[in-house]
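Working notes for the structure below.
Worth knowing before you read on, the calculation uses all heavy atoms, side chains too, and leaves out hydrogens, waters and symmetry mates. In what follows, chains are A, B, ... by sequence order, proteins preceding strands, each numbered from 1. Here the structure is a predicted model, which means the values were calculated and not measured.
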Amino acid sequence: MAILCDKNSKVMVQGITGGAGKFHTERMLAYGTNIVGGTSPGKGGQTVSGKPVFDTVVECVEATQADVSVIFLPARFVKEAAIEAIRAGIKFIVAIPEHIPIHDMLYVREEAVKAKATVIGGNTAGVMTPGEANLGIMPDIAFAPGRVGTVSRSGSITYYVADTLTRTGFGESTCVGLGGDPVLGSTFDEILWKFEEDEKTKAVVMCGEIGGVYEECATETIRKMKTPVLAMIGGIYAPPGKRMGHAGAIVEGKMGTAKEKLDILAAAGAHPCRTFLDIPETLKKLGV
Amino acid sequence: MAILCDKNSKVMVQGITGGAGKFHTERMLAYGTNIVGGTSPGKGGQTVSGKPVFDTVVECVEATQADVSVIFLPARFVKEAAIEAIRAGIKFIVAIPEHIPIHDMLYVREEAVKAKATVIGGNTAGVMTPGEANLGIMPDIAFAPGRVGTVSRSGSITYYVADTLTRTGFGESTCVGLGGDPVLGSTFDEILWKFEEDEKTKAVVMCGEIGGVYEECATETIRKMKTPVLAMIGGIYAPPGKRMGHAGAIVEGKMGTAKEKLDILAAAGAHPCRTFLDIPETLKKLGV
Amino acid sequence: MRLYEFESKQLFENFKIPVSKRFIAKTSDEVYGFVENMAGSVVLKSQVLTGGRGKAGGIKFADGANEARTKARELLQMKINGYAVNSVLIELKLTVKKEYYVGVTLDRANYKIVIIASGEGGVDIEKTAVDHPEKIFKKSLSIKENLYSFDALLLAKKIGIPQPLLKESAYIIINLFELFKNYDAKLVEINPLVLTNDDKLIAADSRVSLDDDAVFRHVDLKEMGIETRHEEGEMTPRERQAYEWGIPYLDLDGDIGMFPGGAGFGIMGNDFIHYFGGKPANFMDSGGGPAPERIAKMLVLLDENPNVKAIFGARFGGISRCDDFAKGVIMFLKEHGLSKPMVMRMTGNMWQEGVRMFEEAKKENPELFEHIEFHGIETPIEEIAKRAVELAKEERGQ
Amino acid sequence: MRLYEFESKQLFENFKIPVSKRFIAKTSDEVYGFVENMAGSVVLKSQVLTGGRGKAGGIKFADGANEARTKARELLQMKINGYAVNSVLIELKLTVKKEYYVGVTLDRANYKIVIIASGEGGVDIEKTAVDHPEKIFKKSLSIKENLYSFDALLLAKKIGIPQPLLKESAYIIINLFELFKNYDAKLVEINPLVLTNDDKLIAADSRVSLDDDAVFRHVDLKEMGIETRHEEGEMTPRERQAYEWGIPYLDLDGDIGMFPGGAGFGIMGNDFIHYFGGKPANFMDSGGGPAPERIAKMLVLLDENPNVKAIFGARFGGISRCDDFAKGVIMFLKEHGLSKPMVMRMTGNMWQEGVRMFEEAKKENPELFEHIEFHGIETPIEEIAKRAVELAKEERGQ
């Protein structure tokens, strides 16, 4: 069991013939991910790592029954790529690129909700179900199959958390990169609830950061969850009004301070952690 | 019984403070139409013919329970006016103005279908249920309560047909002006079917003209109808490529010739009429 | 209203749809001047607002400036479907490897915008739709939707655009769609979209028809010199005059002056006259709720038209009121005078008032009314039409 | 990124939102020159990319050119929230009858665009939302929807716009919404929208925040001189340098140079340093998949920053590969040299390759590495952060 993807997922790559697309397709395949093909308009008929390339997602789905897509394209093309995948019937889409315009993501979200599809990202390292599927750009070394789910707005934080969980023997069920952009395809609460419904996941580490409202929106779900939630928030010492790398990581006015986010989550029953080393200690205390 | 409107309809007028709005509100009231109020943004609080004026349709509906709206506004404002009425819950809207842009009407139609509302027009003389309600600009003199329904793309044709039916003693159940614009809020088949379901209507006179496809689209409905349909089509001798008064009355390429329309309708079982005098004769033959 | 090819190609260019470099000329000497500086064979295309130009010989090829001048002279003396050729478009002749069709139009029956593409370009798309429906590919969109590149690309693929040009052709389709949306079009077409021997895509012919009723939103058209006109052919001088007066009017080739109320009966009355053996000299509509001045001007148009032998008048007052109508007729009679026989019927809103006004005016100046036969609601309109046909016949002395 | 008031007012003007005639000045003499030709009292507004300008004394009124010059001089010497005032906007002073608030912003939680209006303008809308939620009116729209005039008019009515101005105010709201949509905005505000004593509506203050990631679509901004910048405050020279090199970078006020991989750990690492008693000199992110050259430049920024006492390096290779990272560090060491102590940890994609490269380089030029303490996955990152704090302390001689 896992959430979002496993060894049976039939994964396609949009932008498979590009530099990053090619490189990470190779890596994902090497991990054992069931990559079935990809798209690159005007390059249908080619192959990448032995997998067929199509001009459109519709054609790829028809030929390969792909049910998951990972997007490796310049940010300005993500809107159309994601909508193309959704309309072709793909139900899970990972949008890797960063700097996707906000208004574009509003369109994507609207299509996704209508089609009951899940979009992750943009600006995500992807989704990893250790030992089964690696969708995106996450480094294998950090991960091992296990019982803790993670969901984070940051790739690097995902790695450090997984690294910590792996080193301390908990391992991970699935690790979800929510993405660093200001408007995201999915929200913390949606992913948390998937973990709640996953038998294999005994606890979830949720890592937020300054900016936006997605952490705040998760409180109701955390209250309802039986699975314990550990929470880290980056940016306690961040200066206001300055974008910290991630387009979404910016304190605007009174919105999105780390302190407030952490307080709200703790009030909802999440277990706050300051550093990665707090995580295994908290898990031990919770008897996970 | 009647279709679309009767003496119980609570009618409001959008653009009630304008010249045409005022004049025809007075006329409609004089006919006995149950006018309850109207709108004119920025003029809420005034009265016209003793009826209250509101700034928005929502306010008018709230105060008067209006369920029908007649629009007397410049063509470029009809799109928003009709959508405003639809969103305020009005289920029957008569768009009197001519020259409404086609793309605007596509928006209106989409909203209407979504809300299951009926829009008549643009460029219509309105809808008349003799003795009960006169919505629009039709002259009373032509009409008398009776048993024949009429639906026409033209106001003047509606008057001549009613005049003929009244003079020959058949009278009219309801007379619907579909409108002279190229894209209309409602189609012949939709109105025909309402007549089919109306007990009082024993026959329907349908008057089309060159241009567009709405006559052609009615054939399936005519085939299904038990109520006999008489059909007139104007423009047998119309020159191609020239707009004849109505924006919709133009033969474009091979589309919309009168001859073809009449042939198709006759093939579907409608009884073709050349002049108005053919109508009572045909009705007599049919035993209406 | 339809745009000339050279106008629609300017819009294409603005929307990044590939077109050839081109010149527009009104005289054969201008043609000579342009072609002198062009390397290669040229195509000369008569600019007319009607279809079937190719079959009618309205497109000619030429090598060199001299031949171009000669052929342009021929074109500029032609009439196509009765319409004079006033200008010629000059382009380099394309080497054609393949021709496609791409168009965007209204699907009025379904209230959709539909993008149509076919691998069979350069021919009548309506004919292809009938003979080979399997060669036509469509994508329908609601007015609120955008055309996405993947859908455009699928269309391009279906019609057989070579793979290296798929992306480019998808953008051509999208840009054509954008043009359609932006200008409130009824129809935009590239027919043919040519694939040249050196594998370039070029819109070789173009058609753009706009919604007359939305032109007010597109002030840039006027700046480009694009004025309101017919879907087919330019306006006649009398039509232009009527247009300036705000009167929907068309010249026809008969002799009965049509003075009806309402566009619907304007159309139907035209048929009636034919049914009863006559031929109208015009179509006319008063427009909604005409002021007396406009009514008077309508009669001026008819009275001053030498083709008109008799006038058929019909007024069923709706939004147009009989009193205003009567006022207008009387105004005309007093200020201009009627030189032709007229039979008319008047009823509808405010008819009593209208009749009263006519009676008073007649009492005052009976001579003004000597050519008029007047009827009310008691006479069927068919009788009036028949009488107009008779009057015209009498006037012609038959 | 946030626009200056004078920039956003230009956009307002382009979108037909009423604004006062205004001048922008960089010196008090320029102010004198403008005010000399203005009749009536003027308002001088310091142009800064931060809030709370009014409370900080950044807005002054003046009668006549002399007083304006004096007050402008004061403003141009001010700092507001630490940001220098470099220019002053001059407008005629308005006579205020009433102030309203109108804004359009993103509702990220619900993925909507929300139009917000209030009869309480000129104050902090977030405060009003908390203290008097009943005074705030909203209309939410999906990205695909338009704002219709009737909805705008209802909002205007709810906030108490006088009836004769309802239609005009509805169009102000619609135009603000159009501006928001057109420029990929995150927030546009008129605060206050002033009703003057002579019953005119004027946008007295304006705020426009755009989505940095969509600015590429709006080339006209660059033509207007609007460059990428922070949401609050302008870039420091070092930030500008980093921006030109494509490196997300912020100056902070501590002494530990932060050289992390990934924005997320860039943010979190900043907290860690604080937790362990240190203070970072900067925030930095390498951006996705940095080339070795960019890695080298990141180190240049730190090594040449005199505030930096020690460097905290962390690399968890994801889309960024450890071999590229190692290549970049070695490039920096060879071409530039490291003058400060650095502790670093490297793991993730291609880490073995990275380690091998470091070892080879060190064998060749051991002296280049003398300031570096190197760790791999075996050491928790917290230990590295602690060590960096220690190194900085040592360096400061404590």
Side-chain angles (χ1 to χ4, degrees), chain A residues 20 24 27 75-76 98-104 106-107 109-110 125 137-142 152-160 163-164 180-183 207 209-210 212-214 216-217 232 234-247 249-250 252-254 274-277, chain D residues 1-2 49-51 106 108-109 111-113 126 142-144 181 184 186-187 209 211-214 216-217 230-233 248 250 252 260-268 270-275 280 283-285 287-289 314 316-319 347-351 377 380-382 385:
Chain A
H24 289 286
R27 278 190 58 254
R76 63 188 71 183
E98 61 180 329
H99 301 308
I100 303 169
I102 293 173
H103 290 210
D104 285 8
L106 293 180
Y107 281 100
R109 171 77 181 189
E110 193 152 311
I137 60 173
M138 293 189 189
D140 315 352
I141 188 175
S152 169
R153 273 169 63 192
S154 149
S156 50
I157 298 297
T158 301
Y159 314 158
Y160 283 109
D163 174 9
T164 308
D181 275 353
V183 169
C207 302
E209 64 192 26
I210 47 162
V213 291
Y214 296 125
E216 288 84 337
C217 295
M232 284 185 87
I236 300 282
Y237 293 92
K242 306 284 165 70
R243 170 168 162 164
M244 292 189 90
H246 287 155
I250 175 168
E252 294 169 284
K254 283 154 203 125
R274 285 215 316 178
T275 73
F276 305 122
L277 294 176
Chain D
M1 60 184 253
R2 179 171 176 166
L49 297 174
T50 188
L106 294 167
R108 299 189 203 172
Y111 295 88
K112 298 282 185 204
I113 292 171
E126 293 177 39
S142 105
I143 184 78
K144 287 188 177 176
K181 286 280 281 263
D184 279 280
K186 293 190 292 186
L187 171 72
S209 278
D211 176 7
D212 304 30
D213 289 337
F216 75 91
R217 291 203 264 240
H230 294 313
E231 188 62 27
E232 183 162 331
L250 297 176
L252 301 174
F265 187 67
I267 299 166
M268 189 76 88
N270 182 47
D271 293 344
F272 280 21
I273 294 293
H274 278 277
Y275 294 154
F283 162 85
M284 186 148 59
D285 174 19
F316 213 129
I319 201 162
T347 184
N349 285 338
M350 317 292 276
W351 66 273
I377 197 164
I381 190 70
E382 287 86 345

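The minimum heavy-atom distance between Pro280(D) and Ile273(D), with the atom names listed, is CD-CG2, 3.7 Å. Scanning both residues, Gly245(A) and Asp285(D), for their nearest heavy atoms gives CA-OD2, 3.8 Å. The nearest pair of heavy atoms linking Ala125(A) to Tyr159(A) is CB-OH, 3.3 Å.
With sequence neighbours excluded, the residues that form a side-chain hydrogen bond (donor to acceptor under 3.5 Å, both in side chains) with Ser156(A) are Ser154(A). Scored by the ring pair (Phe, Tyr, Trp, His ring centres under 6.0 Å) test, Phe272(D) finds Phe276(A), Phe265(D) as partners (sequence neighbours excluded).
Chain D forms the most heavy-atom pairs under 4.5 Å with one residue out of Asp181(A), Thr275(A), Val213(A), and that residue is Thr275(A). Across Thr347(D), Ile377(D), Leu252(D), the residue that shares the most heavy-atom pairs under 4.5 angstrom with chain A is Ile377(D). Contacts with chain A were tallied for Glu232(D), Met284(D), Lys181(D), His274(D); His274(D) has the most, counting heavy-atom pairs under 4.5 Å. For the set Thr164(A), Asp163(A), Val183(A), the entry with the most heavy-atom pairs within less than 4.5 Å of chain D is Asp163(A). When each of His24(A), Glu110(A), Met232(A) is scored by its heavy-atom pairs under 4.5 Å with chain D, the top score falls to Glu110(A). Options Leu187(D), Thr50(D), Ile381(D), Ile113(D) differ in how many heavy-atom pairs under 4.5 Å they form with chain A, and the most are formed by Ile381(D). Each of Ala75(A), Pro240(A), Gly155(A), Pro182(A) has some count of heavy-atom pairs under 4.5 Å with chain D, and the biggest count is that of Pro182(A).
Contacts between Met244(A) and chain D at a heavy-atom distance below 4.5 Å involve backbone atoms as well as side-chain atoms. With a 4.5 Å cut-off on non-hydrogen atoms, Arg243(A) touches chain D through its backbone and its side chain both. Of the two parts of Arg217(D), only the side chain, counted from C-beta on, holds a non-hydrogen atom closer than 4.5 Å to a non-hydrogen atom of chain A. Contacts between Leu106(D) and chain A at a heavy-atom distance below 4.5 Å involve the side chain alone, from C-beta outward. For Ala385(D), no part sits under 4.5 Å from any heavy atom of chain A, backbone or side chain. Only the side chain of Ile250(A) comes within contact range of chain D, with heavy atoms under 4.5 Å apart. Proximity to chain D is limited to the backbone of Ala238(A), based on heavy atoms less than 4.5 angstrom apart. Contacts between Tyr214(A) and chain D at a heavy-atom distance below 4.5 Å involve the side chain alone, from C-beta outward. Proximity to chain A is absent for every atom of Leu49(D), based on heavy atoms less than 4.5 angstrom apart.
Between the Asp212(D) side chain and the Met1(D) main chain, a donor and an acceptor come within less than 3.5 Å of each other. Side chain of Arg274(A) to backbone of Asp271(D): no donor-acceptor contact under 3.5 angstrom is found. Without hydrogens or angle criteria, Arg153(A) side chain to Glu209(A) main chain gives a donor-acceptor distance under 3.5 Å. Using a distance-only test at 3.5 Å, with no hydrogens or angles considered, a donor-acceptor pair links the side chain of Asn270(D) to the main chain of Tyr237(A).
Between Asp213(D) and the options His99(A), His103(A), Arg76(A), a side chain to side chain donor-acceptor pair (under 3.5 Å) holds for only His99(A).
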